[in-house]
Protein chains: 2
Amino acid sequence: MTPPSDHAGAVLTIDLDAIASNYRQLDERLGKTACAAVVKADGYGLGIAPVARALAEAGCASFFVATIEEGIELRAILPEAEIAVLNGAPAEAVDEVARHGLIPVLNGPDQIEAWRAYIERAGASLAILHCDTGMARLGLTQSELEALCAAGAEGIPFRCVMSHLACADDPAHPLNGEQLALFQDARARLGRRFGPSPASLANSSGIFLGPAYHFDLARPGVALYGVNPTPGQPNPMAEAVQLQGKIIGLREIDRAMTVGYGATHRVTRGSRIATVAVGYADGFLRSLSNRAYGYIGTVRVKMVGRVSMDLTTFDVSALPPEDVRPGTMVTLIGRKHPIDALAAEAGTTGYEILTSLGRRYERRYVGD
Amino acid sequence: MTPPSDHAGAVLTIDLDAIASNYRQLDERLGKTACAAVVKADGYGLGIAPVARALAEAGCASFFVATIEEGIELRAILPEAEIAVLNGAPAEAVDEVARHGLIPVLNGPDQIEAWRAYIERAGASLAILHCDTGMARLGLTQSELEALCAAGAEGIPFRCVMSHLACADDPAHPLNGEQLALFQDARARLGRRFGPSPASLANSSGIFLGPAYHFDLARPGVALYGVNPTPGQPNPMAEAVQLQGKIIGLREIDRAMTVGYGATHRVTRGSRIATVAVGYADGFLRSLSNRAYGYIGTVRVKMVGRVSMDLTTFDVSALPPEDVRPGTMVTLIGRKHPIDALAAEAGTTGYEILTSLGRRYERRYVGD
């Protein structure tokens, strides 16, 4: 690779071709079901502008973001795309949502009423109706759905009816089937009351639960970015992220001592410790302390001691000194050590690894 | 407080008066010892520009950052300040460091040699010499110090000699005394060889270890921002951060069910769940799942279920319905629930809570 700029402590490489190819793979797997893309949280930490453009070029026409601000940002990037806002819009923000051509996800009676009032004032405009089937987070409860079918929401054109899966990454979990049944029921009831509309249930992992979960529109997010949507099985997606941290200090341990804050790791005389310019302020989570691995070339090296704010220390005793110098890059995320591996070491998910990726990294986009 | 803008999911309030007052308190405690300020990692996540300006107005003349890029950014904010770069400078970056009037911390023989060569070329320019006394991270080893005293580094004017404490937040830890003794020894040896120069050892917690640790220049960071530098004792610092998340959905649970991803929390009929527009993509760490607390007014509410990317759910069953509506703010960090409390719930430190603070928050600076 091209060496990093003189003062970059780490290089984050984002492969837009891999993201585009992941989109096409999911789109193909979905057959006639349309494939949207979730690009919330700054494109899962990878940069909403390049990511959304690459996805649009790969054929994606529908995008989901979390917040209105993200929707406004994406609208400037993709003037023609369909953009839905998962967190919906409170009454005081409906005009702004409509002005930017965003589709609000209506998550409760208050948001439905706000959108109905907007339409009464300004004319029909699409919305997505969210029925909760097992997250207890956003979306209509069963009782609210009944009340809606009994009374309100006349005149809102639904782009689709959606729900969200809680346990799709665990195909054996009984909640998947329960949610599917509740969603089918909700859809039927809404259809009888308001006429048919498309349906959307599957997130990344939901796509892999099979065609029964696909409906009309799927909403993958994390799988597009290379995280395994089928934990425990081989990853069907292409890795899209590489993170390399630069060694800025290298030391021959000349006395038995401890490494880092809290003195949590002991080293003996003759050990060699490399200090890499990546820390938890870069989203290299502190829970990786004494648990993460990296690679120097093909050699695995263990992170030792606590992750500190701007620095991380690796035991490089096993490598010949000529292979490890100030300036040598340590691969923290890459083919041999994908996001999911780092996530497991941190005790979290690939989602959090992605959205935590830091602002101090030199970011390089390849492909596209 | 002023209500948040129509589409802000959370408001982060940063009290610059509190930061200034924390600086003055530490400066006073230090007596004749000069008090620098560490503002790396974007001012510990609070915004380097407003934070550094407030500190300069409070009397701070010396600043420490981690990286050269941070140094360049700070130079544009404070043209006259003394700015030191903790990660130092590799040979290929020394010219840039000098051009911006930054003081490199020399962390090893390679950095010393690069700065010596720069001086030979361009004339004398201050640097800080870092001797390791127990971090095994950056700074000269004992052997490297001996070699330096035996041979090189002629002609580098040292702004000061520094080391860094590994366990200062635990006053009873034997490493504190060991590091102090090693530092005194290093300083004496360097003084005999190169003449006397000022010394710097204490970070935030180190200041509270007593005058023996103060030397000529202290380098507090986290205490300036309100994190307790004396864990287990009352916090002597003023809280400088408030984080309030907005409730965007409120639901009456109408059947026994589970909350959130992985179905990790059960709720019964009649419970009430409030969904707040803050998630781990905002730095509200996923390790807070089922562990964090928030406050609505003076009532403590428990976070239930997993933190998701953009959302968090709280059990608000104990509050009267009229006190909790969409738009109600939940205090996630505040006087009743300071950074240190949230850090304990996340199993981490206040440092990581600060540097993880998200980019989607509406940021408000008060004071100054």
Side-chain angles (χ1 to χ4, degrees), chain A residues 6-7 9 40-41 66-69 86-88 90 92-93 96 107-108 110 134-138 141-143 166-167 173 175 248-255 257-263 267 273 275 277 280-281 286-287 305 308-311 313 326-327 347-349 351-352 355-356 360, chain B residues 6-7 9 40-41 66-69 86-88 90 92-93 96 107-108 110 134-138 141-143 166-167 173 175 248-255 257-263 267 273 275 277 280-281 286-287 305 308-311 313 326-327 347-349 351-352 355-356 360:
Chain A
D6 291 347
H7 47 62
K40 58 197 172 84
T67 69
I68 297 168
E69 285 196 342
L86 288 162
N87 287 7
E92 59 274 22
E96 192 166 15
N107 290 304
D110 55 323
M135 282 291 284
R137 193 177 67 165
L138 295 175
T141 62
Q142 295 291 305
S143 319
C167 300
H173 202 292
L175 195 49
I248 62 165
L250 195 71
R251 57 174 50 224
E252 188 90 28
I253 299 297
D254 57 358
R255 59 183 176 102
M257 67 184 299
T258 55
V259 179
Y261 288 115
V267 283
I273 298 292
T275 298
Y280 58 74
R286 192 168 167 277
S287 58
S308 45
M309 191 177 292
D310 316 288
L311 300 168
T313 36
T348 188
T349 59
Y351 298 75
E352 189 176 28
T355 60
S356 302
R360 294 191 292 196
Chain B
D6 291 348
H7 48 63
K40 60 196 171 82
T67 69
I68 297 168
E69 285 197 342
L86 287 162
N87 287 7
E92 60 273 22
E96 191 166 18
N107 291 304
D110 55 323
M135 283 290 284
R137 194 178 66 168
L138 295 175
T141 63
Q142 295 292 303
S143 318
C167 301
H173 202 292
L175 195 49
I248 63 165
L250 195 71
R251 59 174 49 224
E252 188 89 28
I253 299 296
D254 56 358
R255 61 186 175 100
M257 66 185 299
T258 55
V259 179
Y261 289 114
V267 283
I273 298 292
T275 299
Y280 56 75
R286 191 167 166 279
S287 58
S308 45
M309 191 178 289
D310 317 288
L311 299 168
T313 37
T348 188
T349 59
Y351 298 75
E352 188 174 29
T355 59
S356 302
R360 295 190 292 196

If you count heavy-atom pairs within less than 4.5 Å of chain B, which of A:D110, A:V259, A:L175 leads?
A:V259
Can you measure from OG1 (B:T313) to CZ (A:R137) and round to the nearest 0.5 angstrom?
8.0 Å
Could you tell me if the side chain of A:T67 sits less than 4.5 Å from the side chain of B:D310, heavy atoms only?
no
Kindly compute the distance separating CZ (A:R251) from CE (B:M135), expressed to the nearest 0.5 Å.
10.0 Å
Kindly compute the distance separating NZ (A:K40) from CE (B:M309), expressed to the nearest 0.5 Å.
4.5 Å
Interface check, chain B: of A:G88, A:G108, A:G134, most non-hydrogen pairs under 4.5 Å belong to A:G134
Side chains of A:E252 and B:S143 in contact at under 4.5 Å (non-hydrogen atoms)
no
Can you tell me how far apart OG1 (A:T349) and CZ (B:R286) are? Round to the nearest 0.5 Å.
4.0 Å
With chain A as the partner, which of B:T141, B:T275, B:D254, B:T348 has the greatest number of non-hydrogen pairs under 4.5 Å?
B:D254
Out of A:G305, A:C167, A:A277, A:G347, which one racks up the most heavy-atom pairs below 4.5 Å with chain B?
A:C167
With chain B, which of A:A263, A:S287, A:G260, A:G249 has the greatest number of heavy-atom pairs at distances under 4.5 Å?
A:G260
Determine, step by step, whether B:I248 and A:N107 satisfy the side-chain contact (heavy atoms from CB on, under 4.5 Å) criterion, reporting the C-alpha distance in whole Å, the side-chain angles of both residues, the deciding distance to 0.1 Å, and the verdict.
CA-CA 9 Å; B:I248 63 165; A:N107 290 304; 5.6 Å; no
Output the distance between atom CD1 (A:I273) and atom CG (B:L138), rounded to the nearest 0.5 Å.
12.0 Å
When heavy-atom pairs shorter than 4.5 Å are enumerated against chain B, which of A:L86, A:T258, A:V267, A:L250 gives the highest number?
A:T258
